[in-house]
Structure formats: C-alpha cells, structure tokens
Amino acid sequence: MKIATWNVNSINARLDHVLTWFREASPDVAALQEIKCVDEKFPTEAFESLGYNVAVHGQKTYNGVALLSKYPMEDVHRGLPGDETDEQARYIEALIAAPRPIRVGGIYLPNGNPVDSEKFPYKLGWFERLNARARSWLALEEPLALIGDYNVIPQPRDCYDPVAWAGDALFRPESRQALQALTHLGFTSAVEARSPDPHAYTFWDYQAGAWPRDHGIRIDHILLSPQAADRLLACEVDREVRGREKPSDHVPVIAVLAD
DNA sequence: ATGGTAGACCTTCTA
C-alpha cells in the first residue's frame, strides 16, 4: 500500500499538475494540504474518475485538507478535537477500509510565524491537541499514520542553513520539542527510517531561487504507529516534481507498506 | 542589497 502526503498550495490552481502526479504515482491513499477552497469547490469528480474516494475538510481562501483513498473510508473526522473555537481547517482523519485497515490522519499544522504574535502559541496549542489525539489512538495498538505538513524542521541537517532558520517558528526549540514528543509516543518517521537522502527536503520557497540553489527544508512528515511501521518497506520524497511547470512549493512524500 | 514569488481575492493576508 502506497501512502502519500502533499501540500499542493491550492488544488484548483494546480489541478493538472496534481492529477499528472496521481496518474504516475498512483498512491492508494493520499492526504492533501492547503487545498485553499471550500468543500463544494474541491474537484471531487476529477479524483473519482481516477478511482478515488474523497473526503474534504475545506475552508475559504486558506488552509483546507483532504483525504483520497482507493479503498472506502469509514469513521471520518473533520477538525482536531480539543478547541471548539478553532475554525481553521487543518485536520481530517479516516479509517481506510483496506484488506488490512489503517487509520490515517491528514495534518496541516499551523506555521506559527511571527513568533511574537498569537500565531506561535496557536501552533503549540494545536500540537498539544494533536499529541493528545495521537496518544488515544496509539492506545488501541492498531496501524495508524499521521501524515502531512507539520511545519517543523526536525534537525539542523533538515535545512540548508540552520543559522538562517534560527528563531523561525518552523525551527524554534518549542516546535522541534513538540514534534519530538509526538514521535516519542511511539511513532517511526518513515523518511528518517527509509530515505537514502540525509537531507530529503520537501519544501523549497518560491523566492530567491531557493529551488535551483537547493535551499530546502524538510517539514512534511509521515509518522507511523508501531503496527504500521512494522510493515514499512520504502519511503521516498518525490523531489523531481518541484522542477516541473507551475509546481507547488512542496513535493509529495510517499511511504510503501507491505500489504 | 532586508530583496524575492505565489495564491486567493479585491487590498491585504498567508506562507
């Protein structure tokens, strides 16, 4: 089973680019972030024609997440529990009804910049809610994948210039610590476990020639519960996609689990 | 050199 995550930076501005990749890579399950549209504007039929079931948690202009699955999806939850006042569409989860079922959470974690604004505590609070959700799912000891744009650079080697990123919400100790705390609940990072690339960047800014200079960062992650990690065969970052026409600033990350 | 790009949407916010 191929499980993918991709921040597409507007699904409708990038539909041809995204569909081309889906035809090539043909993931069984995919989580999309930053669809930047309400549910009714999501191109559901285009994905259905490729054989996917579609679950969307959209929002006007900003954020928005979706799950696509070749298998039926059950027990779909939209929004991260723990704060009824949170109106940002950043989380969707479903039980993928494959022959060996797996629960998948699609994550678009808040950016958190600037750190002296309310956005940084929002990021850390969101992380606490995510970790609480993860803890309760892990207690079931079932296959689970929490995948998406975490907006966290885990280690200095995961960015081209750690000094340039010091102080940024994506690299602040509080952010890295929250990701580490989540991982230490019992998750395996698929990229760290299986990617041959020691850097494995997943994002290159549109500005300042970041892509041609390979000024990237690794912020899109696939975290697997022990029952899912036991089946991990391979993981890759599809960086070639960044060099195509009209790309997203993120590229897909794919994990392959034994069926 | 404090720049630069992209998307949604309508003037500025988010990333």
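All figures in this text were calculated on a predicted structure; none of them were measured in a lab. In the text below, chain A, chain B and the rest are named by the order of the sequence lines, each starting its count at 1.
Partners of A/D214 under the salt bridge (charged side-chain N to carboxylate O under 4.0 Å, His left out) rule, at least two apart in sequence or in another chain, are A/R239.
If you take atom P in B/dC9 and the same atom in B/dT5, they sit 22 Å apart, rounded to whole Å. Using C1' as the reference atom, B/dC10 and B/dG4 are 23 Å apart when rounded to the nearest Å. With both ends at atom C1', the span from B/dG7 to B/dA1 equals 27 Å, rounded to whole Å.
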Can you check each nucleotide of nucleotides 6-15 of chain B against protein heavy atoms at under 4.0 Å and return B for base, S for sugar-phosphate only, - for none, in 5' to 3' order? SSSS---BSS
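Counting only residues at least two apart or in different chains, side-chain hydrogen bond (donor to acceptor under 3.5 Å, both in side chains) contacts with residues 30-51 of chain A comprise A/T5-A/Q33, A/N7-A/E34, A/N9-A/K36, A/E34-A/Y108. Residue pairs satisfying the ring-ring contact (aromatic ring centres under 6.0 Å, His included) criterion with at least one member in residues 9-47 of chain A, sequence neighbours excluded, are listed as follows: A/W6-A/H17, A/W6-A/W21, A/F22-A/F47, A/F22-A/Y52, A/F42-A/F47.
With a 4.5 Å cut-off between side-chain heavy atoms of Ile, Leu, Val, Met, Phe, Trp and Tyr, the cluster of A/V152 takes in A/L80, A/Y91, A/I107, A/L109, A/Y122, A/W126, A/F127, A/L130, A/W137, A/L138, A/L140, A/L144, A/L146, A/Y150, A/L179, A/L182, A/L185, A/F187, A/L223.
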Table please: side-chain donor-acceptor pairs of residues 67-74 of chain A below 3.5 Å, with sequence neighbours left out.
| unit_1 | atom_1 | unit_2 | atom_2 | d |
| --- | --- | --- | --- | --- |
| A/S69 | OG | A/Y71 | N | 3.0 |
| A/S69 | OG | A/Y71 | O | 2.6 |
| A/K70 | NZ | A/S26 | OG | 2.4 |

